[in-house]
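Input: a single structure, listed below in structure tokens.
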Amino acid sequence: MSFEEFAPVWPSMDEFATYNALPKFVVSTSLTQDAVTASGWAYSHLLTTLDDVRALRDGAHGDGSRFSDVTDGPVLVHGSPTLAVSLASAGLVDRYTLLTFPVILGGGKRLFADDGIKTRLTLVESQQFANGINLAVFDVAR
């Protein structure tokens, strides 16, 4: 859903030129590669399984997977708490970058699964901004 909302708008926004030049990986079981390609958003690739995501991550870590030619750094996830929970449950998250906003909403989707499994995190960076937003970066301790 995030891709379908971003793809028609972001490619034409000058303030996202750097982001638009990066490879984008769309994780979806409902889209096809033809639909992703037809969006016109350059460098967009479809992943349909967690095994595809694992291959992407492994390629980013230099193991020579089929994605090593398009990834040379961190893989970032935007826009999907459902995907984030699935990736974490599969052991595919190495780092969390969390922004905490000074607003109480009273509800919403959970970022972490309620499956009783504990994930140990190590704080590697934190910062508070003048507007009250807090940034915290955690590595997953393995």
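None of these values were measured; they are calculated from a predicted model. In this chain, numbering begins with 1 at the start of the sequence shown.
Under the 4.5 Å side-chain heavy-atom criterion for Ile, Leu, Val, Met, Phe, Trp and Tyr, Leu92 and Val85 are members of distinct hydrophobic clusters. Linking ILVMFWY residues whenever their side-chain heavy atoms come closer than 4.5 Å, directly or via other members, leaves Leu123 and Val137 in distinct clusters. A chain of hydrophobic side-chain contacts below 4.5 Å, direct or via other Ile, Leu, Val, Met, Phe, Trp or Tyr residues, connects Val36 to Trp10.
Counting only distance, with no hydrogens or angles, the side chain of Gln127 and the backbone of Leu135 share no donor-acceptor pair below 3.5 Å.
The minimum heavy-atom distance between Phe3 and Ser44, with the atom names listed, is CE1-OG, 3.7 Å. In terms of heavy atoms, Trp41 sits closest to Ala7 at CE3-CA, 3.5 Å. In plain terms, the two heavy atoms of Thr48 and Asp52 that are nearest each other are N-OD2, 2.9 Å. Among all heavy-atom pairs drawn from Ser86 and Leu50, the shortest one is O-CD1, 4.1 Å.
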Pair up each side-chain donor or acceptor in residues 99-107 with any protein partner under 3.5 Å, not counting sequence neighbours, and list the distances.
none

Donor-acceptor list for residues 23-30 side chains, cut-off 3.5 Å, not counting sequence neighbours:
| residue | atom | partner | partner atom | Å |
| --- | --- | --- | --- | --- |
| Lys24 | NZ | Asn20 | O | 2.8 |
| Lys24 | NZ | Leu22 | O | 2.6 |
| Lys24 | NZ | Ala42 | O | 3.0 |
| Ser28 | OG | Ser30 | N | 3.0 |
| Ser28 | OG | Ser30 | OG | 3.3 |
| Ser28 | OG | Leu31 | N | 2.9 |

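Partner Phe138 forms a side chain to side chain contact (heavy atoms under 4.5 Å, CB included) with one of Val93, Val124, Leu98 and no other, that one being Leu98.
Asp51 CG to Leu56 CG: the interatomic distance, rounded to the nearest 0.5 Å, is 12.5 Å.
Residue pairs meeting the salt bridge (charged side-chain N to carboxylate O under 4.0 Å, His left out) criterion with at least one partner in residues 131-142, sequence neighbours excluded, are Asp94-Arg142, Arg95-Asp139.
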